[in-house]
Number of protein chains: 2
Amino acid sequence: MTPNKEDFIKAIHELGGQDTVVTNKELVRSLSISAASVTEMNNRLLKEELITHLPYQGVQLTEKGLLIANQLIRKHRIWEVFLAEKLGYDWNEVHADADLLEHASSDFLIERLNIFLGEPTFDPHGGVIPNKDGTIPEIHSTPLIECQTGDRFKIKEVDDQEDFLEYLLYKKVKLGKEYTISDIEPYDGPFTLEALNGERTLIGHKAAFKILVELLN
Amino acid sequence: MTPNKEDFIKAIHELGGQDTVVTNKELVRSLSISAASVTEMNNRLLKEELITHLPYQGVQLTEKGLLIANQLIRKHRIWEVFLAEKLGYDWNEVHADADLLEHASSDFLIERLNIFLGEPTFDPHGGVIPNKDGTIPEIHSTPLIECQTGDRFKIKEVDDQEDFLEYLLYKKVKLGKEYTISDIEPYDGPFTLEALNGERTLIGHKAAFKILVELLN
DNA sequence: AACTTTTTTTAGTCTACCCTAAAAATATTT
DNA sequence: AAATATTTTTAGGGTAGACTAAAAAAAGTT
């Protein structure tokens with residue numbers, strides 16, 4: 001496994017290669033390499049049985065390929081948590097450095113880092129961190145950030161940072177409490193939540209990552 | 001700068017390439033590559049003016065090459081501190097992972113990490129961490145671990161970890177106190193220190209890294 | 001000084017990437 | 001259905017890095 005192959009597999013995954021066929025054209029755009037280079041890399045990964053290939057149609061990840069993709073995403077997201085939480089990176093800054101680091105991380109390192117970070121479930125963007133074995137943890141709760149206007153939900157879990165918990169206390173957000181989303185402002189604007197008793201609460205965009213909810217139908 | 005070139009420059013540096021000529025043979029052994037590959041890499045670095053070359057004699061780092069070497073060592077050692085202090089690596093474990101990480105670290109990342117670690121001066125082996133600009137900080141104190149039997153010194157600085165300070169308190173080691181090394185046991189054994197009043201103190205091998213002294217002729 | 005051994009360099013290959021230009025296959029339009 | 005446009009593949013090249021085998025240079029020995 002070389003960094004380039006890893007990036008290629010990750011790109012296929014990002015373009016939906018777990019369930020749909022990804023075209024060369026999409027990979028050309030996504031990786032900014034020539035069409036010829038895509039064909040070439042396809043052939044390499046094909047030989048290793050990491051993808052399947054329908055000529056002139058596109059590629060798709062095999063079980064084996066998907067496992068590798070998930071393990072890469074695990075590494076990537078664990079590094080993102082580190083960069084954001086420990087080194088004070090802004091969200092927009094974490095991606096590039098995590099992309100470099102993920103290719104230079106032994107499994108031993110990642111497991112140690114994971115423990116150091118308190119075995120986080122989500123990355124700073126609210127993305128789920130895959131398990132060590134490449135499986136995706138069963139998340140019955142959804143980050144609030146992924147919900148839509150009109151969704152009804154119950155608070156399931158919240159980030160346990162001192163100041164964030166204080167903020168929630170002030171907002172009267174409690175575990176188990178039910179809300180409906182009455183509005184989501186565009187451009188990273190706040191969520192307006194409406195409780196059962198009609199009480200309205202404004203929740204900031206960043207906070208919406210740190211609140212996990214269970215959707216109720 | 002590619003990872004391979006970086007490793008090559010580091011190898012030259014480790015073999016004394018700041019002041020002496022390093023032979024191809026030494027590089028072959030150190031990097032475990034063929035003699036032909038060494039000649040080839042020499043030519044590449046020569047073209048970039050990172051080394052000078054005396055045919056059939058060896059290579060030596062230029063000013064430019066030395067700067068790059070020191071910046072790599074900086075990255076390497078900062079990662080070593082992280083792995084040892086934050087992730088609980090043993091000393092023998094830090095090197096391999098730091099070697100990978102150093103090639104995947106932006107300057108931005110290293111500076112953030114450095115601050116996160118409290119701007120350490122030494123790596124877990126007692127090696128000095130070069131400055132950001134590639135210069136070596138003027139260290140008037142020497143890690144005790146680098147001292148020899150018979151050396152007379154004054155305690156200059158100690159690692160400020162809670163439990164370590166307690167240990168020193170118990171051992172009656174204080175800043176400014178003078179000792180002579182009366183014995184160093186082999187195989188990472190303890191140092192026997194003798195104070196001016198004849199009092200003898202046993203200092204463990206690991207502790208010897210965390211104590212900085214000023215040698216008195 | 002001539003022979004032998006060691007070290008370095010050159011010559012010729014190989015793989016993993018990447019590229020451009022042209023050919024082949026598929027899709028779209030008329 | 002034929003012509004055109006798009007996409008993919010093939011063909012041919014380039015660079016970085018590594019190799020082996022052979023030639024050349026230097027060092028060591030008799």
Show the distances under 3.5 angstrom between N or O atoms of the protein and N or O atoms of nucleotides 13-15 of chain C.
none

To the nearest angstrom, how far is [X] atom [atom1] from [N] atom [atom2]?
X     : N      : atom1 : atom2 : answer
B:N42 : D:dA16 : CG    : P     : 16 Å
B:I9  : D:dG17 : CD1   : P     : 11 Å
A:M41 : D:dT9  : CE    : P     : 15 Å
B:L27 : D:dG17 : CG    : P     : 15 Å
B:R44 : D:dT15 : CZ    : P     : 12 Å
B:Q57 : C:dT9  : CD    : C1'   : 15 Å
A:F8  : C:dC18 : CZ    : C1'   : 13 Å
A:E48 : C:dA16 : CD    : P     : 9 Å

Salt bridge (charged side-chain N to carboxylate O under 4.0 Å, His left out): which pairs involve [range], sequence neighbours left out?
range                       : answer
residues 78-91 of chain A   : none
residues 21-36 of chain A   : none
residues 54-64 of chain A   : none
residues 133-151 of chain B : none

Below 4.0 Å: OP1/OP2 of C:dC18 and any side-chain N or O of A:N4
yes

Among all residues two or more places apart in sequence or in another chain, which pass the side-chain hydrogen bond (donor to acceptor under 3.5 Å, both in side chains) test with B:S105?
B:W79

Contacts of type side-chain hydrogen bond (donor to acceptor under 3.5 Å, both in side chains), residue A:Q18, not counting sequence neighbours
A:H13

A:Y179 ring centre to A:R152 NZ or CZ under 6.0 Å, with the angle to the axis within 45°?
no

For nucleotides 4-7 of chain D, list the nitrogen or oxygen atoms of the protein found under 3.5 Å from its nitrogen or oxygen atoms, one pair per line.
residue : atom : partner : partner atom : Å
D:dT7   : OP1  : A:K25   : NZ           : 2.3

Between A:F82 and A:Y89, does the ring centre distance come in under 6.0 Å?
no

Numerically ordered, the residues 30-38 of chain A set in heavy-atom contact under 4.0 Å with DNA chain D is A:A35, A:A36

Return all side-chain donor-acceptor pairs below 3.5 angstrom for residues 115-130 of chain A, not counting sequence neighbours, or 'none' if the list is empty.
residue : atom : partner : partner atom : Å
A:D123  : OD1  : A:H125  : N            : 2.8
A:D123  : OD1  : A:G126  : N            : 2.9
A:D123  : OD1  : A:G127  : N            : 2.7
A:D123  : OD2  : A:R77   : NE           : 3.3

Going by the rule salt bridge (Lys or Arg N to Asp or Glu O under 4.0 Å), which residues pair with A:D183 if we only count those two or more places apart in sequence or in a different chain?
none

Run the side-chain donor-acceptor check on residues 42-51 of chain A: report pairs under 3.5 Å with partners two or more places apart or on a different chain.
residue : atom : partner : partner atom : Å
A:N42   : ND2  : A:N24   : OD1          : 3.1
A:N43   : ND2  : A:T39   : O            : 3.3
A:E48   : OE2  : A:K5    : NZ           : 2.7

